[in-house]
Amino acid sequence: MASIQIELPDGSIKDFDAGVTPHDVALSISEGLARQTLAARFNDVLIDTTRPLEQSGKLLLITPNSPEALEMIRHSCAHLMAQAVKELYGNDVQVTIGPAIKDGFYYDFYSENKKFVPEDFPLIEAKMEELARADMPIERKVMSRDEAIAMFRAKGEDYKVELIEDLDQETLSLYQQGSFIDLCRGPHVPRTGVFKAFKLTSLAGAYWRGDEKNAMLQRIYATAFLNKKDLKTHLERLEEARKRDHRKLGKELDLFSFNEDIGGGLVLWHPKGALLRTIIEDFERKEHLKRGYDIVVGPQLLKTDLWKMSGHYDNYRENMYFTEVDEQGYGIKPMNCLAHMLIYKAKPRSYRNLPIRYFELGTVHRHEKSGVLHGLLRVRGFTQDDAHIICRPDQIDAEVKGVMSFVRDVAGIFGFNYTMELSTRPQKSIGSDADWELATCALKNALDDVGEPYEINEGDGAFYGPKIDVKLKDALDREWQCATIQCDFTLPERFDLTYTGQDGEKHRPVMLHRVIVGSIERFIGVLIEHYAGSFPLWLSPVQAIVLNVTDRQAEYAQQVFDQLRAVGVRVELDLRNEKLGFKIREAQVAKIPYMLVIGDREVEDQTVAPRFRDGSTLDSLSVTDFAAFVAAEAAAYK
RNA sequence: GCCACCAUAACUCAGUUGGUAGAGUAGCUGAUUCGUAAUCAGCAAGUCGGCGGUUCGACUCCGCCUGGUGGCUCCA
């Protein structure tokens, strides 16, 4: 038998007979390693431990500690779940696909009779545990296409047949564990005994192949980890996310509500929420003015003809609200750009005026499909911190970089990390190929120059231009789409925007659409979860609350309150005849940063005794000192 | 929009295998004047999301609608 050379990661080279498997190689090192080996990477291709090696090459054994391990276990665990479901429900259910995803995996099933409910989970989990305990080998089989089609057809697995028919290859790999066999590229873990910690998490509908014209499948989401401890940590994290849910906190902190009589996706801002919004809006105006933006305001309604001219009517109509009065059609604005272009057009512009940066806290309405609405994160009426930068082509680069640095500053103030993505031309779009090319390059060059990493999303741009999307990462490391920068050559063309160049000729400017936090509504939703409702002092709708111990201090407490409010501290007063502990508890639950306790001592010394939200206290200090302290902290965005 | 599920007092939730409902918190009244996360007692509070249907009788069963939840598709 021919001999081959296998190079291991430590650089050592060993001779083996051709046909040796990664498992055999592991065994030649130690029995323990062989037991631990889940798969292997041979010449950079992932393979099963039982795959015979026919030629020399580099071999890396994959064990539970390898970075690839978790994803593999999850993918294999999806097969385990499918096996369990088939054993429980047999031919009532057809299998489709089941990949690993972030934090777990899912499997999509088709069934006419069986409707999965969460009550089925314990049963399925028990079956999975039984199959895992049986420690069955998971074996790779190779079949011809026709053979595989015949086999799945005989089993009544129509979806598998369809998948294979669309595959452009003559032989296919399948994986078998016990009586269950599934089409799969692999690789998989060697035995079902590997699965030690898994849990079914939720149930959802999903279209076959993600297309809403196709049949609706039943998706079971689940997760799997290397061990029970990691699973527990993950479940605790989910629990933490639930506690921070902005819909729950929004109600508890009395920030906002929705009302079915008003309509879905339309927010009612209660006093504290409206104050929080106002603080953010004031911050936005100040930061934009600092960076050379001009504040403008456009109307809510614009004539339908204008939306036809812009392309919104053709490309965005299903998301818009229209109305007709005096036989004139109007569209409620879903974007702010048209008004900004018309402000630009209100008088002749020179190259000397550019760039012009129009900023508007623009309230827009978009008819989002009912099923996508979600608290503040997806609504139908929202306010964007929107700006349109109209500039010469040679200014694009500097302007895009300016926006990116603006994003960096703001993300830093709120304590977010972020990642960036470049999205290119979508199917449904307007404008010439040359302009798209130019615009995409401009964005890409700016990204490359700044040197921060980014990903490319093919075909994910806006209909009028490519875009850079910024995803903020919150305290739980979850990503949120907020900022976006879009480069647009088309709308300036359609609206015939011009400027007079140095040469005295008319030239076409470029327009950058950009938002920094995006929608104020969404951003506040994200902030609530990011801070778990405990806003930093500068954002807190209520920064301090004055608490008297008994009625004896009421008069002085009132004085302190008046004095603080007069110098701009957002302060409340609790004079109720309740025990101090009770008042503290309420202020604590309301997540107010500072409680100012006033007893006989403070009246005597003309001071206040501050208590922090975290339970710590400061020595008593004068009201003016406290006000100065708050002002300094807030000015530093703390 | 699609699939599944849910809707009981202001909030969180219990309950009736079809005979019209409770608890805690909040609210109100009274007592208590208290030093860093819940003082005590009493009172009041719901067309059981809306509209139809089945039934002697519907909060409970069925249908439609509205709103929400988890996803899918779509998106700031």
Side-chain angles (χ1 to χ4, degrees), chain A residues 106 108 110 115-119 201-221 245 247-248 251-252 254 257-265 316 318-319 334-336 362 364 366-380 382-386 423 426 460 462 467 469-472 480-484 486 513-523 525-526 547-554 576-590 595-602 609-613 615-617 620:
Chain A
Y106 66 79
D108 285 348
Y110 173 79
K115 297 268 178 266
F116 290 105
V117 290
E119 288 69 41
T201 51
S202 67
L203 215 47
Y207 299 108
W208 168 235
R209 296 186 154 179
D211 188 334
E212 58 187 320
K213 289 193 270 303
N214 286 343
M216 181 60 73
L217 307 174
Q218 299 183 64
R219 173 170 299 178
I220 301 179
Y221 281 94
D245 191 310
R247 294 164 298 185
K248 181 173 176 285
K251 196 180 285 181
E252 286 170 8
D254 197 17
S257 64
F258 293 91
N259 184 309
E260 66 175 285
D261 292 329
I262 289 180
Y316 207 73
E318 62 273 26
N319 283 298
M335 297 185 192
N336 304 299
V364 297
R366 300 182 182 175
H367 184 263
E368 302 290 350
K369 291 178 180 177
S370 59
V372 306
L373 301 177
H374 181 92
L376 292 179
L377 300 179
R378 193 77 182 270
V379 292
R380 287 185 173 148
F382 57 100
T383 300
Q384 294 179 301
D385 62 337
D386 201 4
S423 297
D460 225 16
K467 58 177 182 170
D469 284 327
V470 181
K471 295 200 163 150
L472 298 182
W480 306 95
Q481 159 80 62
C482 292
T484 174
Q486 306 171 349
H513 308 241
R514 48 104 284 183
V515 292
I516 303 295
V517 307
S519 138
I520 304 277
E521 280 75 5
R522 174 176 290 183
F523 189 64
V526 172
L547 310 175
N548 59 332
V549 179
T550 75
D551 287 348
R552 283 196 303 281
Q553 304 92 29
R576 290 175 305 170
N577 175 19
E578 295 289 352
K579 291 167 82 169
L580 181 62
F582 179 81
K583 294 187 186 185
I584 294 218
R585 181 186 149 75
E586 291 213 335
Q588 192 77 44
V589 169
M595 296 161 226
L596 302 177
V597 174
I598 292 177
D600 289 336
R601 285 199 297 275
E602 285 71 30
R611 178 192 202 272
F612 291 71
R613 195 156 42 178
S616 60
T617 55
S620 294

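Just so it is clear, the structure is predicted and the values come from calculations on it, not from any experiment. Sequence lines set the chain letters: A, B, ... in the order given, protein chains first and strands last, and positions in each chain run from 1.
Taking atom C1' in both B/rC59 and B/rC48, the straight-line distance is 5 Å, to the nearest Å.
Residue contacts for A/Leu373: at a heavy-atom cut-off of 4.0 Å it reaches the sugar-phosphate backbone alone, with no base atom in range. When heavy atoms are screened at a 4.0 angstrom cut-off, A/Phe258 is found touching no nucleic acid atom at all. Among the atoms of the strands shown, base atoms are found under 4.0 Å from some heavy atom of A/Gly371. At the heavy-atom level, A/Gln218 lies nowhere under 4.0 Å from the strands shown. Residue-level contact check: A/Lys583 touches neither bases nor backbone, having no heavy atom under 4.0 Å from any strand. Using a 4.0 Å heavy-atom criterion, one finds that A/Asp600 contacts the bases of the nucleic acid, with or without backbone contacts as well. Looking at heavy-atom distances under 4.0 Å, A/Gly581 makes contact with sugar-phosphate atoms alone, never a base. Nucleic acid contact class of A/Lys467 (heavy atoms, under 4.0 Å, all strands): sugar-phosphate only. Residue contacts for A/Val515: at a heavy-atom cut-off of 4.0 Å it reaches no nucleic acid atom on any strand shown. Within the 4.0 angstrom heavy-atom criterion, only backbone atoms of the sugar-phosphate kind lie near A/Gln481; the bases stay farther away. The residue A/Phe582 sits close only to the backbone: its heavy atoms come under 4.0 Å of sugar-phosphate atoms, none of a base. A/Arg611 comes within contact range of at least one nucleobase, with a heavy-atom separation under 4.0 Å. Across all strands, A/Ser202 comes closer than 4.0 Å only to sugar-phosphate atoms, never to a base (heavy-atom distances). Note on A/Glu602: a base of the nucleic acid sits closer than 4.0 angstrom, heavy atoms only.
Taking atom CE on A/Met335 and atom P on B/rC75, their separation rounds to 10 Å, with Å as the unit. If you take CD of A/Glu586 and C1' of B/rG27, they are 12 Å apart, rounded to a whole angstrom.
At B/rG70, one or more side-chain N or O atoms of A/Arg247 fall inside 4.0 Å of OP1 or OP2 (strictly under the cut-off).
Here the side chain of A/Met216 is nearest to one of B/rC72, B/rC2, B/rC34, namely B/rC2.
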Show which side-chain atoms of residues 210-217 of chain A pair as donor or acceptor with protein atoms under 3.5 Å away, not counting sequence neighbours.
from	atom 1	to	atom 2	distance (Å)
A/Asp211	OD1	A/Lys213	N	2.9
A/Asn214	ND2	A/Trp208	O	2.8

